[in-house]
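Heads up: the structure comes next, in structure tokens.
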Amino acid sequence: MTQAQAGSGALEALLQEDRRFPPPAELAANASVRDPQIYAAAGRDPEAYWAARAEEQVSWFRPWEQVLEWKAPFAKWFVGAEVNASYNCVDRHLQGPRADKPAIVFEGEPGDTRTITYRDLYAQVNLAAATLRRLGVKKGDKVAIYLPMIPEAAVVMLACARLGAPHTVVFGGFSPESLADRINDCQASYVVTSDGGWRRGAVVPLKANTDAALERTSTVKTCVVVRRVGDAAGVSMKEGRDVWWHEALEQTTESGQTECPPERLDAEHPLFILYTSGSTGKPKGILHTTGGYLVGTSLTHKWIFDLKEDDVFWCTADVGWVTGHSYVVYGPLCNGATCVMFEGTPDYPDKDRFWALVARHKVTILYTAPTAIRSFMRWGEAYPRRHDMSSLRLLGTVGEPINPEAWMWYREHIGGGRCPIVDTWWQTETGAIMISPLPGLTTTKPGSATLPFPGIDVDVVDERGDPVPLGRGGYLVVRRPWPAMLRTLWGDDERYIQTYWSKYPGMYFAGDGCRRDEEGYYWFLGRVDDVLNVSAHRIGTMELESALVSHPSVAEAAVIGIPDEITGQAIAAFVTPKMGVNADEALNHTLRQHVAQKIGPIARPKLIRFTSELPKTRSGKIMRRLLRDIAEGRILGDTSTLLDAGVVAQIKEQYEAQEA
Ligand code: WTA
């Protein structure tokens, strides 16, 4: 284990954590799940359990013939059933009082707001689907969505789902090159973008980025452009390719064909492809299908967040990440919940923006990332104290391990000491939450994601695949298929098998280090592969390295994660410049900028250190472990497999000289 070992001092401290928080009595008495027997029942007959959940959670056009078909590692759930995600998130809520309940409460960065009821959502999703259909989108076509956090993002996702056109949402912070790679990989024939988005008062030029991306692609027929920032964006439209969304919608309205019935889709019809970083340079296209994903996301949303009809749920994630897919759009809307959607950042125009939103929209459930909580801690409790946050009743975290101090601060200063916290572990691949408290049943411990969700069969194993005793660290695996699991990597079954199912035959390898305490509670230790977690965003070291070596001044590069108080991990790069290149401050700046341009601003390295060589094994593999040791000032471990042990001392010297 690599990063997990690195943090072993912190781990000891974690395991001595002895604070306990039982569920508040009132919440427990009325919680979505009150019977602890559910764990045993789900374990005894998982298929019967999932079938019962599938019936409760989702409306099917046609029932399944078989709950699960498992030809390891390929799963089909609810075989033979027909379903539509858009129907489940929209149409079925129109019967009864939910029709006039807000589905999406939007607040833009400049402060503009929009409330969209389920009835409005029905009209908008229909109009959007009818418009996409009129523009030529058919079942099976791939639609890339590159939008800010505005309601149109959710509406277009649901419109695609209605037509059976899988979407691939690309985070608005990604570069044109990253967008182009994703379009090319899944052969998207449509892009939906906007003229721009607001970020800290400035315009993010999404349309200009899309133009640049489309220079590098050949599959896109039509580019739809949502007007978000108006004149400030100054976009240019390409004749025959680009279409303004508002004009297209108007034409559909004029045509009178404003309804678009949901396609009856097979339960295994692809719902979306979402790219995420892996341990090679090429992002993986995680494929999720319809039926199982809806069951998993809506069920976990209802049980883990203890959803009640009048809750106002706010998940702060961007729709460009899986958390935004599962807990801004599909899970909550499938449950008929009211969701807050926010375009901006927590510190603009001031550091109390989140708390102003909580107070203004009377948010009852807040779901955010530890990295955000650590920023709030640093800014101080005066900011939340400015606002009345008594509406909050439950808090959640996701994306990275949460340190107990941040957990306690969140509880005290955001939750007023009364709200339970659900620390939820899951991944883009798992589709839905896998390990988390159930707030009416589970006694929580700060820093632990607690226990597997009912019906989820996880374990912690050693290098050989044997379960490790309680108290010892190991690798997290999943032993049994689950409905919201990824089905494959888009167009690459082989890589799917290799990445997830080959380390231990028959078990899903998550890539996370984990330890269980004496009571069987799970404590996550971070990634064990070459994937960094920076501000709860996954970034592959290989992607960063290829971005660096693509610069003409760079001969070689190695990237590692270093601990960072706010972002969890930060990106540090060791760079060997080409002969004759001046390794100065200017080059350092240029290279950091270069990476941000190649991948996106989230990938900008925090620091770059120039070295004349990199430590390698005899087979030529860069030894990142040694670089981590150097960066963290640790005594060097075993270097016997090194090609040239002298290199390490030299790098250490150069590193320390640049530190000074
Ligand atoms: C990490 C985000 C500890 C983990 C939903 C995982 C966590 C990766 C937690 C997936 C948590 C996520 N505690 N670690 N509660 N939640 N992680 O695909 O390393 O963006 O493998 O999905 O984030 O990141 P992804």
Side-chain angles (χ1 to χ4, degrees), residues 1-4 7 10-11 14 169 171 173-174 272 274-279 283-286 288 296-297 300-301 304 315-328 330-331 367-374 395-404 406-407 410 421-437 444-453 458 460 473 475-478 484-486 489 499-500 508-516 521-540 561 567-569 602:
M1 211 175 298
T2 50
Q3 279 148 42
L11 174 63
L14 264 187
V169 182
F171 174 55
F174 275 126
F272 65 84
L274 182 60
Y275 287 84
T276 187
S277 292
S279 44
K284 305 178 283 197
I286 306 293
H288 282 289
T297 52
T300 50
H301 178 252
I304 292 168
C315 166
T316 66
D318 191 281
V319 285
W321 307 106
V322 75
T323 308
H325 283 61
S326 300
Y327 300 103
V328 175
Y330 291 109
Y367 190 32
T368 195
T371 183
I373 298 167
R374 289 191 298 267
L395 305 173
T397 73
V398 60
E400 51 177 327
I402 181 163
N403 44 317
W407 196 102
Y410 195 31
I421 297 180
V422 291
D423 171 6
T424 62
W425 179 89
W426 59 295
Q427 311 177 296
T428 307
E429 291 86 343
T430 69
I433 298 167
M434 302 288 274
I435 300 180
S436 161
T444 54
K445 306 179 187 182
S448 170
T450 75
L451 300 167
F453 190 79
V458 297
V460 181
Y475 302 105
L476 190 93
V477 295
V478 189
M485 66 189 281
L486 79 166
L489 296 180
T499 311
Y500 304 107
Y508 169 84
F509 174 68
D512 274 48
C514 188
R515 189 152 163 173
R516 277 177 299 207
Y521 275 46
Y522 287 69
W523 300 78
F524 281 91
L525 309 170
R527 300 288 305 193
V528 293
D529 53 7
D530 293 322
V531 174
L532 306 184
N533 191 325
V534 181
S535 298
H537 296 150
R538 271 165 74 167
I539 304 177
T567 60
Q569 283 189 305
I602 50 163

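Counting convention: from 1, in listed order, for ligands and their atoms alike.
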Exercise. Less than 3.5 Å between some nitrogen or oxygen of R538 and one of ligand 1, yes or no?
Worked result: yes

Problem set entry | Polar contact flag for T428 and ligand 1 (N/O pairs, less than 3.5 Å) | yes

For this session: Say whether G511 and ligand 1 are in contact under the criterion: heavy-atom distance to a ligand atom below 4.0 Å.
Result: no

Problem set entry | Proximity flag W321 to ligand 1, non-hydrogen atoms under 4.0 Å | no

Problem set entry | Among M434, Q427, H325, E400, closest by any non-hydrogen atom to atom 9 (C) of ligand 1 | E400

For this session: Give the single entry among V398, D512, I539, L476 that approaches atom 4 (C) of ligand 1 most closely by any heavy atom.
Result: D512

Number the atoms of ligand 1 from 1 as they appear, then name those within less than 4.0 Å of a heavy atom of [X], with their elements.
X: T424; result: 9 (C), 11 (C), 15 (N), 16 (N)
X: R527; result: 6 (C), 19 (O), 21 (O)
X: F524; result: 3 (C)
X: T323; result: 5 (C)
X: N533; result: 1 (C), 23 (O)

For this session: For residues W426 and F453, establish whether the separation of their ring centroids is below 6.0 Å.
Result: no

Exercise. When you look at R527 and D512, which way does the side chain to side chain contact (heavy atoms under 4.5 Å, CB included) test go after all the steps?
Worked result: CA-CA 4 Å; R527 300 288 305 193; D512 274 48; 3.4 Å; yes

Exercise. Should the proximity of A449 to ligand 1, defined as any heavy atom under 4.0 Å, be assigned to the side chain, the backbone, both, or neither?
Worked result: neither

Seminar exercise, completed: Short version for W425: what comes under 4.0 Å of ligand 1, heavy atoms counted, is both

